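Working notes for the structure below.
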Amino acid sequence: MSQAADLPLWAALPVAMLLVVGAGLALAGSIGLVTLKSFYDRMHAPTLGTTLGIGSILIASMLYFSVLQTRFVLHEILIGAFMVVTTPVTLMLLARAALYRDEREGNPDAPPRRPPPTKD
Amino acid sequence: MKRWFPYPLIGLGLALLWLLLTESVSTAAFLLATALALAGCGTLLRLRFPKARLRRLGSVPGLLRDVVVEVFRSNNAVARIILRPSREDARRSGFVRVPLDMRSPHGLAALACILTATPGTVWVDYDSTDGTMLLHVLDLIDEDAWVRIVKDRWERRLMEIFE
Amino acid sequence: MQHLVVAPIVVPMIAGAAMILAGDRRRRLTAAIGLLSTLTLVVLATILIGIADGPAVHVYRLGNWPSLFGIVLVLDRLSAVMLALAALLGFAAFLFSMGRWERAGVHFHPLFQFQLMGLNGAFLTGDLFNLFVFFEVMLAASYGMALHGSGVARVRAGMHYIVVNLVASLLFLVGVSVVYGVAGTLNMAELAHRMRGVTPHDRGLLETGLAVLGIAFLVKAAMWPLGFWLPPTYAAATTPAAAILSILSKVGIYAVLRVWLLLFGAAAGPSAGFGEAWLLIGGLLTIAFGSIAVLATQNLPRLAGASVMISSGTLLAAIGAGQAAVTGGALLYLVSSVLSIGAFFLLIELVERGREVGADVLAVSREAFGAGEEEEEIDEQEVVGVAIPGTVAILGFAFMACAVLLAGLPPLSGFLAKFAILSTLLASGGTGVPATSWVLMAALILSGFATVVAMLRTGIDVFWASPATRAPRIGLIEILPVAMLLLLCVALTVGAGPAMAYLQSAAERLHIPADYLQGVVSTPAGGPGR
Amino acid sequence: MELVVSLAIGVLAGSGVWLLLRPRTFQLIVGLALLSYAVNLFIFSTGGLRSGAAAILSPGETGTLGAYADPLPQALVLTAIVIGFATTALLLVVLLAARGLTGTDHVDGRERER
Amino acid sequence: MPDSLLLMALVGLPFIGAIVAGLLRARDAASGVAGAVALACLGLVWAAYPTVSAGGVLRAEFAWMPTLGLNLTLRLDGFAWLFAGLISGIGALVVLYARYYMSSDDPVPRFFAFLLAFMGAMTGVVVSGNLVQLVFFWELTSLFSFLLIGYWHHTAAARDGARMALTVTGAGGLALFGGVLLIGHIVGSYDLDAVLSAGDRIREHPLYLAALILVVLGALTKSAQFPFHFWLPHAMAAPTPVSAYLHSATLVKAGVFLLARLWPVMAGTDAWAWTVGLAGLTTLLLGAYIAIFQNDLKGLLAYSTISHLGLITLLLGLKSELALVAAVFHIINHAAFKCSLFMAAGIIDHETGTRDIRRLSGLNQSMPFTARLAMVAAAAMAGVPLLNGFLSKEMFFAEALTADVPLSPLLNVLPVAALLASAFSVAYSLRFIHGAFFGPAATDLPRTPHEPASWMRLPVEILVLTCIMVGLLPAATVGPYLAIAVRGVLGADVPYYSLAVWHGFNLPLLMSVIALAGGVMLYMLLQQRLKGSVEGAPLIRRIDAQRIFERVMVFVSWRLARRLEALLGTRRLQPQLRLIVGIAILAGAGAVWLRGFGPGNLPSTPVDPVLALIWMVGAAFALGTAWQAKFHRLAAVILLGGVGLVVCITFVWFSAPDLALTQLTVEVVTTVLLVLGLRWLPKRFQVAGEKGPEVLTRTRRARDLAIAIGAGGGLAALSYAVMTRVPPELLARHFLERAYTEGGGTNVVNVILVDFRGFDTLGEIFVVAAVALTTYALLRRFRPAADSVGIPEQQREQDGGAQHEDAVRPTADWLLVPFTLTRLLFPVMLIVAVFLLLRGHDLPGGGFSAGMVVAIAILLQYIIGGAAWTESHLRLLPQIWLGAGLLVASGTGLAAWFFGRPFLTTYFAYAELPLIGKVPTASALIFDIGVFALVVGATLLMLVALAHQSVRGHRSAPRRAAGRAGEA
Amino acid sequence: MSATLISAAVLVAQILLVAAMGCAALRVLRGPRAQDRVLALDTLYVNGAMLLLVFGVRTGTTHYFEAALLISLLGFVATAALSKFLMRGEVIE
Ligand code: NA
Ligand code: NA
């Protein structure tokens with residue numbers, strides 16, 4: 001923690017704020033995961049963390065290390081990029097799987113089945 | 001040129017990836033970055049990664065800005081929904097079918113990323129026979145409004161870039 | 001020249017890797033590499049036995065790091081003998097496998113080489129964690145060997161084998177890490193030094209760790225009641241695998257001999273003799289259970305497995321007696337029993353092949369060769385050699401030799417080995433021979449009797465009561481290794497004097513490991529050569 | 001902190017052993033995985049717990065135990081993780097093979113008659 | 001001829017002859033070799049006569065295991081000389097006899113080989129100058145007699161007889177071994193001379209009784225003494241020459257030989273008299289009594305042998321030197337008449353096809369010459385005057401009257417017993433002769449009897465002649481040899497005895513007469529009874545020692561053993577694991593309890609609330625995993641993933657970034673592996689409203705819970721204890737100090753892995769390789785269970801039964817976007833892998849985690865793109881990666897040899913490259929690249945092999961269905 | 001001042017993140033269906049990555065960055081495999 005003492009206040013303030021906000025968003029998302037009623041609703045909740053939540057913390061980290069090491073520390077961008085690209089894969093697969101199971105079990109949550117497309 | 005740089009933008013991205021990872025801007029790093037980017041594009045070629053015909057790159061920054069704004073907005077909205085369970089009864093979530101004109105896999109992928117990155121919407125399914133996408137929306141007030149949002153705000157601009 | 005010490009590890013290592021690169025389809029090349037490697041190992045072991053026969057141990061510093069913190073290999077008489085046993089058994093099993101078994105599944109040969117590499121590494125290393133690693137190499141390959149050929153029995157027994165050994169490996173890790181956390185070193189010699197200086201309230205903790213470590217060794221040595229996995233596994237494994245596995249339980253014994261005597265030997269100060277009584281009691285119980293198991297089965301492979309338990313028990317009890325002279329006798333017993341059990345495992349298949357001509361073999365080969373759609377079908381005619389005249393007589397003689405060896409009856413080395421243990425056990429006690437010595441004597445004699453009864457029963461059943469309608473078809477390459485191992489036992493009988501002298505001095509140096517400690521710790525601490 | 005970590009090790013080991021003693025192969029493999037975690041943490045912890053002291057030197061430096069966490073247990077854990085991973089994979093395949101050949105997922109390859 | 005050569009030849013020739021005979025094919029050659037060897041041995045024995053007769057002892061000693069006091073000591077004194085003569089002499093006769101007895105269909109070379117080997121072993125017993133060596137040859141005689149008795153092993157009788165003989169005599173041999181060890185312990189040497197000179201020490205030692213019992217057990221079993229007599233009659237299943245040899249002069253005489261040999265040191269005590277004397281007395285009577293009622297000629301001879309050996313044993317049991325003389329004398333006599341009788345019985349069997357006394361009759365007419373010979377021999381057996389048997393019997397009577405026995409009642413019993421036994425012996429001798437040779441000529445014999453070949457009769461003639469000559473002129477014929485033999489046992493203290501036919505009218509003579517008359521009367525009285533078909537002796541017919549023996553053997557060695565094995569062992573996994581874990585806990589706890597340990601020397605670090613909280617989550621995951629693993633496997637996998645993540649965070653928390661990276665990648669691959677496996681496991685549902693577990697199950701669970709808590713608590717306590725102390729000197733110090741300066745890397749963990757302890761890593765990658773090869777081999781033969789063969793129902797429904805024919809493109813729309821994204825991620829992951837690999841030596845990373853990242857990248861393509869698609873677009877060759885990785889890593893180690901350095905010595909330097917500048921080049925990096933390649937190859941090999949099961953399953957499912965339809 | 005501020009923020013952020021992990025864990029444990037658990041595991045991975053990033057700020061070193069990077073890049077592979085299993089009954093077709 002000794003390094004943090006070298007940090008000027010102008011940087012420390014936003015860093016602190018971003019950290020707390022990011023963590024707060026992640027928590028909010030996770031709370032949603034617990035409280036929301038249906039699976040499809042819950043699916044939305046974690047995206048709070050995967051977008052703005054982690055984004056804030058990444059920016060905080062970039063800012064913190066850049067100021068501390070007096071150079072541009074940008075590799076955190078990669079994590080953001082990876083998050084953006086990977087999250088849809090999981091979510092789409094999961095949503096599709098849930099949809100399939102709901103359809104099969106005739107759950108009211110699932111959207112009405114469309115007439116099977118005639119392939120000719 | 002095409003043969004050596006089948007995916008110029010991706011190649012650039014890969015080179016950037018290397019430079020960011022190593023946090024270095026030395027000659028060696030650049031050389032290695034180039035080599036790796038080339039090799040990476042080579043693997044993509046083997047994987048038959050579709051080549052994009054990119055047009056109107058100028059509209060990309062605007063799109064990104066809108067995405068960021070939208071992310072902020074919907075984060076806020078969803079956070080409110082989650083943290084105020086009292087209004088839970090008033091909220092209705094549901095599926096929306098959006099007919100898409102876009103067929104480019106890149107465009108569709110980008111659209112999926114955008115929709116997933118904005119809390120409140122999840123891309124659920126896609127039907128290639130008629131190009132409809134099934135979207136789940138957390139706070140579904142007006143289905144047509146959502147169709148319009150998707151088509152106007154995102155699809156049109158993505159089609160400009162990718163098709 | 002100095003690299004000879006590491007060569008027994010390097011040779012199979014390179015051979016196995018090369019075999020993988022060559023691919024499983026190039027059988028000739030793979031077999032040639034295998035033959036070259038196993039033969040080289042035999043030659044190496046012979047040379048190393050000579051080298052080790054001197055006052056000083058030979059220390060090999062891997063990576064050229066000082067022996068204090070690098071990994072060292074240590075060659076002394078015991079490791080040389082164990083290397084030789086592994087090499088001989090490996091060579092025999094390799095030859096035998098060329099008869100048919102190498103084709104029962106893919107990647108037999110590289111796994112075989114890794115097995116030898118693991119064994120040799122375990123016998124050479126002077127580092128506790130490295131011992132773990134080589135245990136794992138050996139076990140990983142042995143899993144492959146035990147499962148080679150697949151099939152219900154093998155997989156069922158193999159699963160138990162794997163699970164039990166995984167648990168034992170976890171115990172090993174716990175033990176090793178306690179040693180590091182309390183004594184701060186992994187080098188066995190250095191640990192032995194530090195054991196003397198450990199503060200009293202750390203000593204208990206260190207010994208706790210070593211006790212857990214000991215359990216891991218004893219599981220591998222198949223001490224009762226930790227060794228129930230052994231008979232089914234060995235019985236289910238394909239023949240060459242079982243033969244090479246039969247030395248695996250001896251690795252547990254080796255570890256006890258090496259580590260326990262180094263750390264808890266007479267010179268170990270306050271820790272001397274820690275757990276000695278338990279080794280003795282456990283060994284006796286193992287002998288008892290092994291004898292019961294020997295009697296309770298008419299199935300030859302299981303009988304062999306139970307014999308392995310008896311031999312483990314005998315060795316543990318002899319070590320537990322805590323006298324160098326007895327340990328010397330135990331080493332002779334170890335050599336004799338490894339060779340004879342190896343021969344017996346190889347022989348069993350040949351015998352059973354003749355017994356129900358066709359049926360058994362067909363079942364095995366259908367299971368082994370026929371089922372896999374990608375596996376090539378093998379023509380029986382091509383696989384089995386031409387029947388040699390007198391095959392049955394040869395098998396009968398070999399069987400009798402094995403029976404005599406396992407039961408410890410004259411005229412082969414088994415008798416001399418038991419005599420060596422017992423006479424030293426009684427001789428060293430003076431007038432006050434402890435009661436446990438009498439119990440051990442009775443156990444050894446009675447277990448021999450149990451083996452006689454069991455072997456007699458099955459032997460008569462196999463060879464006399466249901467004689468083969470026609471001689472089993474056995475390749476020369478299959479009978480050769482059996483003959484080789486048995487002839488080695490004969491050689492051991494004839495040359496018992498020099499062998500005993502060598503082993504006796506090995507045992508003395510195990511009990512008073514000054515040479516070992518001196519050799520490892522005082523090895524010139526040169527930095528890496530750059 | 002030591003207490004927390006040792007409790008953690010205890011919980012992992014206890015859960016692992018419980019599963020280890022269950023009759024189904026899947027329980028067994030999961031139990032072994034939990035036990036491996038426990039043991040890996042155990043090895044790791046023998047070097048003592050130091051936060052923020054990764055044993056990464058600056059070029060030219062001769063490190064000391066005062067400044068850095070003990071790297072040796074870490075190296076040992078690494079080996080243990082790798083070996084554990086390999087053996088878990090093997091065990092999985094073996095139990096699948098056993099299940100295929102025997103038709104049951106009981107650890108003995110046959111259902112226990114009551 | 002030097003002594004040593006003579007003795008070596010005496011013992012060695014038969015063995016060499018055995019090998020030669022065994023290798024021969026021709027019948028005559030084999031018997032010729034055997035005869036030559038026997039005669040040569042006889043010649044050698046004769047050559048030793050001058051020395052022995054002068055009271056000398058031939059000795060030869062060869063070092064064998066000198067440190068343990070076991071040398072090959074050959075020692076021929078008078079006693080051994082006598083036996084050696086009997087063995088080779090009678091051996092020669094038996095060989096001659098057997099040459100004509102054995103059928104040409106029999107594989108006689110084997111027969112003669114065994115016979116010669118047995119002869120060698122027997123000679124070895126008698127010339128052993130070392131007790132251990134004696135045991136050595138003793139067991140050999142058991143072994144070769146086993147082979148001889150079981151020679152006709154296609155008959156059950158031969159098998160049973162052989163087994164019983166070996167079981168009993170082998171066990172006795174082991175007891176003798178024990179006894180010899182005790183004697184060796186008492187005397188301090190196994191050398192016979194040393195033992196013989198330590199008589200007092202032995203008799204006064206507290207272990208004397210134990211040694212005595214063990215030795216006597218050996219002798220009694222071998223000599224077929226009560227209660228171990230039962231094996232001998234069954235050994236009659238052997239070919240008659242074998243019986244003639246084994247039961248007259250050799251095998252069974254080994255027991256009495258031993259008793260006589262050790263007589264000077266062990267006899268003379270009450271214990272000796274009780275054990276040896278009583279056994280002999282019982283056997284004498286019992287054997288003679290049973291012999292009368294035997295219908296089989298050989299059976300009769302067998303029991304008579306038992307009885308006569310009982311006589312000898314009884315004599316040896318008496319505390320009298322004269323009795324010993326009588327015993328030795330009777331040994332000689334018995335050999336002569338019994339051998340000839342066996343041969344005669346064999347001739348009868350050979351010529352008539354039966355040995356049943358009830359069927360035989362009047363052979364006197366068809367084979368008169370044989371009949372005469374047999375009559376003389378039988379008379380000798382009966383103790384008729386002027387024959388050799390009479391002389392030793394008379395000595396016995398004299399001893400029975402005067403013996404010094406421990407208990408006075410026995411003194412009264414002994415003469416009566418002697419008389420009775422003698423009468424019995426007359427009776428059975430009569431029965432033998434009368435039954436076979438007299439009466440009307442039998443008509444229903446299998447073969448028409450006639451005299452045998454004269455060569456076959458020659459040995460009988462020689463033996464019978466001996467009986468007569470000894471009987472007539474004892475002092476002139478056998479006298480000197482007996483004297484030599486007795487002196488061999490007793491040394492200078494040979495008592496006076498007289499070998500004369502006539503000692504005047506005395507009590508022994510009277511007893512002889514009474515016995516003769518009584519025997520004749522007894523036989524006449526029993527005539528009627530003996531013709532009846534009831535086999536066996538009255539009163540004790542029901543007590544069949546053999547059946548008792550078999551029953552006991554079956555019970556002890558089979559039923560009891562099985563029961564005990566089931567009780568003391570298990571073949572189930574759970575009890576085994578319970579034991580291992582339980583014993584480990586006990587071992588650890590026991591050590592702590594016994595030794596105790598004090599507090600650590602490190603203060604506890606303050607609790608970090610964050611990590612504590614994280615571990616609350618982690619503990620929930622762990623307990624949840626344990627809870628869910630039975631019914632919700634997928635949940636368990638997910639929960640396990642949670643545990644993995646928490647462990648990973650813990651590694652980061654306590655300064656182990658390399659571990660965190662490795663743990664993460666392993667976590668991902670393990671999860672995928674487990675899920676891949678789930679498909680092949682049976683569906684398991686928790687049935688709602690299922691009855692609670694039975695009481696037994698609940699107790700078992702409670703016990704398991706206790707073990708689990710014990711293990712967890714134990715490990716927790718142990719880890720706490722270890723964590724709170726630091727040893728004064730840690731190995732790691734050196735690593736930290738030298739990692740950069742000598743290892744060339746700043747990431748100390750990596751330097752340890754690839755350099756300081758690179759050998760561990762090298763071993764570790766071979767573990768991974770072995771496991772990968774094993775899983776691959778196993779999966780090649782993978783057969784899914786019936787219920788998991790089919791295509792999962794999801795796929796059946798989603799695909800509407802249509803198969804993916806176009807495997808090159810994943811068709812499903814729902815995979816369209818993920819497919820695009822994951823392909824894009826492929827090069828990204830590869831570059832991250834290269835990054836981790838290259839920086840490993842200096843910063844967190846390294847070959848292992850890099851390899852795992854590549855494997856995961858490919859795995860992802862498999863998951864999203866499908867196996868067929870991925871393989872048609874990426875050439876993977878996992879085995880090449882695997883092999884190359886191993887070779888590169890070990891080759892790096894090997895390269896050091898070429899610079900004269902030990903294996904795995906690393907090299908590093910900074911190379912100047914144009915444009916790029918200074919580049920660190922370390923051989924450790926090449927080593928790490930080997931690790932990398934291996935990990936890629938091994939992980940892919942395992943995962944791909946597992947993944948392919950689905951593909952294979954799909955291919956084979958329709959085929960199987962078709963096959964089933966075809967069968968129906 | 002900065003040190004206090006940062007350490008307080010780090011502590012708060014970490015506790016919030018652990019709480020988030022706890023919520024995710026709750027969902028993993030509770031289910032009720034497999035997709036809920038998988039979703040929760042994915043969330044857990046993301047929360048874990050964030051926790052590591054905050055830990056990086058706390059210790060002031062970038063040595064732990066790659067761990068977070070790997071979570072973000074590879075964590076989804078496990079959840080993708082699980083989802084694929086739910087959807088198709090097997091992971092690799
Ligand atoms: Na979204
Ligand atoms: Na410690």
Side-chain angles (χ1 to χ4, degrees), chain C residues 6 13 17 20-21 61-64 69 71 105-107 111 114 130 133-134 136-137 140-141 143-144 147 150 160 167 171 178 181 183-185 201 204-205 207-208 211-212 215 225-226 228 289 292-293 295-296 372 409-411 422-423 426 445 449 452-453 456 460 464 496-497 500 528-529, chain E residues 63-65 67-68 136 139-140 153 159 163 170-171 174 178 181 185 557 561-562 564-565 568-570 573 576 579-580 584 587-588 591-592 595-598 721-722 727 729-731 734 742 757 759-760 763 766-767 770-771 773-774 777-778 780-781 882-883 886-887 890 901-905:
Chain C
V6 77
M13 177 189 272
I20 298 177
L21 264 189
R61 295 176 295 122
L62 286 154
N64 208 16
F69 64 90
I71 295 174
V106 287
H107 294 310
L111 286 171
F114 296 161
N130 196 240
V133 171
F134 276 104
E136 290 302 314
V137 173
Y143 301 149
L147 292 166
S150 193
H160 287 195
V167 173
L171 292 177
V178 171
T185 185
H201 59 259
L205 196 60
E207 286 173 351
T208 304
V212 174
I215 298 299
L226 306 170
F228 302 130
F289 182 76
I292 289 168
L295 286 174
L409 288 184
L422 290 175
S423 69
L426 298 187
I445 289 179
F449 182 59
V452 171
V453 170
L456 198 56
I460 287 179
W464 284 359
M500 194 62 215
Chain E
W64 193 2
M65 288 170 88
T67 50
L68 299 179
F136 181 90
E139 293 286 43
L140 275 190
H153 55 73
R159 292 198 296 270
R163 184 179 59 206
L174 288 171
L181 287 169
H185 172 62
S557 77
R562 300 195 93 158
L564 278 177
E565 195 200 20
L568 299 176
T570 179
L573 183 61
Q576 292 187 41
L579 278 167
I580 292 172
V592 168
R595 305 287 190 142
F597 61 87
V722 179
E729 162 77 28
L730 274 168
L731 198 51
H734 306 282
E742 293 175 32
R757 297 186 66 91
F759 203 51
D760 279 347
F766 276 84
V767 173
V771 163
L773 294 183
T774 305
L778 205 58
R780 296 251 303 189
R781 292 195 185 290
L882 195 91
L886 293 179
L887 266 189
S890 45
R901 306 272 181 225
F903 191 70
L904 273 178
T905 306

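Computed from heavy atoms alone, side chains included, the values below leave out hydrogens, waters and symmetry copies. Every chain is numbered from 1 and lettered A, B, ... according to where its sequence line falls, protein lines coming before strand lines. Predicted model only: the values in this text are computed from it and were never measured.
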CA sep, side-chain torsions, deciding dist, call: E:Leu174, C:Leu409, side chain to side chain contact (heavy atoms under 4.5 Å, CB included): CA-CA 8 Å; E:Leu174 288 171; C:Leu409 288 184; 4.1 Å; yes
Kindly compute the distance separating CG (C:Leu147) from OG1 (E:Thr774), expressed to the nearest 0.5 Å. 7.0 Å
Check: C:Phe134 ring centre within less than 6.0 Å of E:Phe759 ring centre: yes
If you tally heavy-atom pairs under 4.5 Å between each of C:Leu226, C:Leu205, C:Val167 and chain E, the highest tally belongs to C:Leu205
Residue part contacting chain E, namely of C:Phe114, when any heavy atom lies under 4.5 Å: side chain
Starting at CG of C:Leu62, measure out to CZ of E:Arg901 and round the result to the nearest 0.5 Å. 15.0 Å
Looking at every heavy atom in both E:Arg562 and C:Ala296, which two are closest together, and how far apart are they? NE-O, 3.5 Å
With side chain to side chain contact (heavy atoms under 4.5 Å, CB included) as the criterion, how do C:Phe289 and E:Glu565 come out once you've worked through the C-alpha distance, each side chain's angles and the decisive distance to 0.1 Å? CA-CA 7 Å; C:Phe289 182 76; E:Glu565 195 200 20; 4.0 Å; yes
Hey, are the side chains of C:Ser423 and E:Leu181 touching, using non-hydrogen atoms and a 4.5 Å cut-off? yes
So does E:Leu773 get a backbone contact from the side chain of C:His107, meaning a donor-acceptor N/O pair under 3.5 Å? no
Using non-hydrogen atoms and a 4.5 Å limit, figure out which bit of C:Ala293 sits close to chain E: side chain, backbone, both or neither. both
Considering all heavy atoms of both residues, which atom of E:Gly588 and which atom of C:Val212 are nearest to each other, and what is their separation? CA-CG2, 4.4 Å
Most contacts with chain C, counted as non-hydrogen pairs under 4.5 angstrom, among E:Leu573, E:Leu730, E:Leu904: E:Leu573
Specify the closest pair of heavy atoms between E:Val771 and C:Ala140, including all atoms of both residues, with the distance to one decimal. CG2-CB, 3.9 Å
Could you tell me which of E:Gly763, E:Ala561, E:Ala63, E:Ser557 has the largest number of non-hydrogen atom pairs under 4.5 Å with chain C? E:Ser557
For C:Ile292, is it the side chain, the backbone, both or neither that has a heavy atom under 4.5 Å from a heavy atom of chain E? both
Given that the side chain runs from C-beta out, which part of C:Val137 has a heavy atom under 4.5 Å from chain E: side chain, backbone, both or neither? both
Pairs of heavy atoms under 4.5 Å with chain C: top-ranked of E:Asp760, E:Leu886, E:Val767: E:Asp760
List the atom of C:Arg61, the atom of E:Pro902, and the distance in Å for their closest heavy-atom pair. O-CB, 3.1 Å
Is C:Ile215 in contact with chain E via its backbone, its side chain, both, or neither, using a 4.5 Å heavy-atom distance? side chain
E:Ile580 and C:Leu171: CA distance, side-chain angles, deciding distance, side chain to side chain contact (heavy atoms under 4.5 Å, CB included) verdict: CA-CA 10 Å; E:Ile580 292 172; C:Leu171 292 177; 4.0 Å; yes
Indicate the atoms forming the closest heavy-atom contact of C:Ala183 with E:Pro727, along with that distance. C-CB, 3.8 Å
By a 4.5 Å heavy-atom criterion (distance strictly below it), what part of C:Phe228 contacts chain E: side chain, backbone, both, or neither? both
Toward chain E, the part of C:Ile71 with a non-hydrogen atom under 4.5 Å: both
So, taking the atom named NE2 in E:His185 and the one named CG in C:Leu422, what distance separates them when rounded to the nearest 0.5 Å? 12.5 Å
What closest approach, in Å, do C:Phe449 and E:Ala171 show between heavy atoms, and which atom pair accounts for it? CE1-CB, 3.1 Å
Please look at C:Met500 and chain E and tell me whether the side chain, the backbone, both or neither of the residue comes under 4.5 angstrom of a heavy atom of that chain. side chain
Of the backbone (N, CA, C, O) and the side chain (C-beta and beyond), which part of E:Thr570 lies under 4.5 Å from a heavy atom of chain C, both, or neither? both
